[in-house]
Amino acid sequence: MDHAATTALRPEVLDSMLPYFGSEFGNASSVYGWGRRARQALDSARDTVSGLLGASSDEIIFTSGGSEGANLAIKGVAWANQNRGKHIITSAIEHHAVLDSVLWLEKQGFEITILPVDAEGQVAPAQVAEALRPDTILVSIMHANNEVGTIQPISEIGAIVREHGAFFHTDAVQTAGVLGMSVQELNVDLLSLSAHKFYGPKGVGALYLRKGVRLNPLIHGGAQEKRRRAGTENVAGIVGLAKALELAQEEREEENARLIALRDRLIEGLMRIPSTKVNGSLVQRLPNNVNVCFEFIEGESMLLNLDLRGVAASSGSACTSGSLDPSHVLLAMGLTHEIAHGSLRLTLGRDNTEADVDYVLQEVPMIVERLRAMSPLYQG
Amino acid sequence: MDHAATTALRPEVLDSMLPYFGSEFGNASSVYGWGRRARQALDSARDTVSGLLGASSDEIIFTSGGSEGANLAIKGVAWANQNRGKHIITSAIEHHAVLDSVLWLEKQGFEITILPVDAEGQVAPAQVAEALRPDTILVSIMHANNEVGTIQPISEIGAIVREHGAFFHTDAVQTAGVLGMSVQELNVDLLSLSAHKFYGPKGVGALYLRKGVRLNPLIHGGAQEKRRRAGTENVAGIVGLAKALELAQEEREEENARLIALRDRLIEGLMRIPSTKVNGSLVQRLPNNVNVCFEFIEGESMLLNLDLRGVAASSGSACTSGSLDPSHVLLAMGLTHEIAHGSLRLTLGRDNTEADVDYVLQEVPMIVERLRAMSPLYQG
Amino acid sequence: MYSDKVMDHFTNPRNVGEIADADGIGEVGNARCGDIMKLWIKVDGDVITDVKFKTFGCGAAIATSSVITEMAIGKTVAEAERITNQEVAEELHGLPSVKMHCSNLAAEALMAAIEDYRKKSDKTSAS
Amino acid sequence: MYSDKVMDHFTNPRNVGEIADADGIGEVGNARCGDIMKLWIKVDGDVITDVKFKTFGCGAAIATSSVITEMAIGKTVAEAERITNQEVAEELHGLPSVKMHCSNLAAEALMAAIEDYRKKSDKTSAS
Ligand SMILES: Cc1ncc(COP(=O)(O)O)c(C=O)c1O
Ligand SMILES: Cc1ncc(COP(=O)(O)O)c(C=O)c1O
């Protein structure tokens, strides 16, 4: 139950990719022969993705994943538009691909505003409006958070940013296969996504870049992706991304209804454990995300116990990341360090059933009890 | 015969990758369960690659290909070491991934020296020595050129650069599956390679980074690749890269002997066509590279004719790139524009036989004759 | 990337060659840019009766040269002069956009040949 | 990522609990960092006869706590005092490097308990 971390490739997606690992191995930049057929496959994948996003095909740049997409969006816009200003706005709960890009730019002389979030992990559009300055060139707010599943009011924020004349990027890595992805409705200028989060291959992603937005490449070199991203194209991966996104978007309404039922069953069941708290909004929430804190216990020991029982999960525990601080997202939402250390994230996916949920609901209470009995913080 | 552009995935390599598209789909950053097995696959691939390079495993950074590797090497070293100096040296015949990175840095305030090459496309070590300045932080010279196949005296240049105290990167994209890759013997601090050039998958590469060389990431975010390259790892691609490199290095002596025989047969045959010139060194040359200029004809029309006869090839023709100037490599070697426009590159590979060579030797003279008959430059 | 019609003209170019006693000769482009077109025309009265070409250049350059010979033959000089590069591309059912700029010189070559014909016939009538 | 021995101590931790009439109690770490170890020791003459622990922390923290109780029981106080974090890690057949820094506090917890024991017994002998 760790589908927010990654998902298994769907067999249909692998099938769509295999020809490009076999006889159709051409370099899409070669003018003739195999190259031409690789080019056609790329063009068709690009049309699929742009169609699903309500964009035009030359607004899609294929990347090596969500991290590259966010880095390209943020650094690329910053470098290309620094003559207009050097101020960038983002939020405290962004993925590190965004946060660390922005912090690195700060070292290079850009000015950064990091917006706080409320207790449910939401960014307030009014705060974005307030933070905008004449020299603001870029705002980057994620579509939904990967840890607590809170969905942000992107469309509203986008309207404010556009009105002001800055560019707006959203990290849609957690939502691309789950929510509607019309870049017009979302009011975004840039949007990044990553295939392996929606049953596509790892190591491939896409960046939507609205026509007219100036961008410096992150990877210079060949003329691929209209000179915005050099490198021989990962044809098989790109074909797989397009196929996976198409399937996910086709099935999303039905699948979301199923996941929401499982999610709510899981949350309800876990909340019966004493001294337990749900993190994130219960309303503006990804259909597959469950995130709770069990007081008095530490997350990694929880994960390890679940793993021994065959359940993959995730935690905001510092111990899983090698740093001393627990999840920056939970801290930004106002949780104390000790409670943040005890968080458990379960993210549901296509292969999860009610039986899986019930199994987890049977195991977790026992694990929590056992760990609490061992905890010097727990007074019984 | 365009194996320098890309190669077909070997079936053994695809087989090594398939488990990671199937049941072993974990995210290598997840601490437990599937994540652990993905991590083991990555570790083992890293050991294989570092072993083949004579490096230690924490000196290998997996990337999305040769372009990213070169960009990371050059920009990463430049950014991290700019306090020591802002001067960078490279050569006029580098791939655009190197050249354009360096030219972009120039716009950001770095100083660049671009070394010339001789008529065979070689960089003189003495010229590197002369160009080194107290503020030189990085030298980047490719191992072998992708157009004309000339192999550079990397080990010698490396010794000079090291003596001086600068860092040395080599773009080994064309050589990684072909020549010995000991980073100790090559005297390099950074070396980039790309899997699809040696029968591995597209969209994955590796950068060797000598311990102690400071580098800023190009892609910030997660803690992957020891914080030097963020992004969920392309596990299948990385496993494929390692497998492909291992096979190529195992077989290279035998395969090179075979390719050299074919190459020389091809060159000899083409040279029988009047007003024809070989480009690049005949001695320090990649085993699979043939590059010739036919006077009075233009390269793309040559390619198109070959394609109609089932032969994939490449040209330094401007018309294949959409720019007005022909190959910067041929121009740097002193060829005139009109002759450079008429170049033809044929690069041999595993699937080419003597029969293929003979077929090309039968077709090319007829095509040349036909195009020359149509050329206003040809006095017949 | 090329239309079937381009490929047809590329593989079977019409009217390749020179006209020994041409009434006008035009040459455009240069080897530096990779495209040179040379066009010979024969004029009878006011009508272009024959056109021949030689071209150094890519597939698009060869095909545009070939197709413009067909377009020009039978037209009056005044009509032929109005042929644009755009019309040449349309006649070939389109050209890839990178080729529109650098290799679509045929209309200019024809213009140059007509100009040369005018100059010569002016001289002839003046003498 | 953990050795079998770590996993053994994690899944079956030895000597979990408290000692009501402990001769020394040590507590190290803090919840902010995600690891707290509390250790109770019982001393008879100069020999540590019993150790119990409670730990809030990751798998490594729990395993190191557990293994040090085994290492300490039966040793003299002076011997037990010389146990290092490094030895605890070795006893567990190694720990992942990220865990060496933050979660390997067991030797310190034991040291704190011994210190507490010394203070108390000093007081006892002084009275
Ligand atoms: C010498 C050289 N360097 C770099 C590259 C770029 O590699 P990739 O296309 O895998 O990014 C290539 C191939 O295109 C190359 O031949
Ligand atoms: C919200 C968010 N942004 C960015 C990323 C980075 O994506 P990738 O690992 O594909 O580079 C992730 C996933 O790891 C994510 O959850």
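Labels below follow one simple rule: chain letters A, B, ... track the order of the sequence lines, proteins then strands, and each chain is numbered from 1.
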Open item on the list: I'd like to know if the side chain of A:Glu298 and the backbone of D:Asp35 have a donor-acceptor N/O pair within less than 3.5 Å.
Closed with: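 No; zero donor-acceptor contacts below 3.5 Å.
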Open item on the list: Does D:Met7 form a side-chain contact (heavy atoms from CB on, under 4.5 Å) with A:Leu308? I'd like the steps, not just the answer.
Closed with: CA-CA 10 Å; D:Met7 288 309 292; A:Leu308 289 169; 3.6 Å; yes
Task: Greatest number of heavy atom pairs closer than 4.5 Å to chain D - which of A:Arg370, A:Met302, A:Arg372 - done: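 Sorted descending by pairs with chain D, the first entry is A:Arg370.
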Task: Choice from A:Asn305, A:Thr336, A:Leu371, A:Ile339 maximising heavy atom contacts with chain D below 4.5 Å - done: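 Option with the greatest count: A:Asn305.
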Task: Neighbour count >12 (heavy atoms, 6.0 Å) for atom CD, A:Glu369 - done: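 No.
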- [ ] Check each atom of D:Ser65 against the heavy atoms of chain A and say whether the ones under 4.5 Å are side chain, backbone, both or neither.
- [x] neither
Where is the tightest heavy-atom contact between [X] and [Y], given as atom of each residue plus distance?
X        : Y       : value
A:Pro376 : D:Lys38 : CB-CB, 4.1 Å
A:Glu338 : D:Phe56 : O-CZ, 4.0 Å
A:Glu300 : D:Cys58 : OE1-CB, 2.8 Å

Task: Rounded distance (nearest 0.5 Å) linking atom OG1 of D:Thr55 with atom CD1 of A:Ile297 - done: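 If I round to the nearest 0.5 Å, the distance is 14.0 Å.
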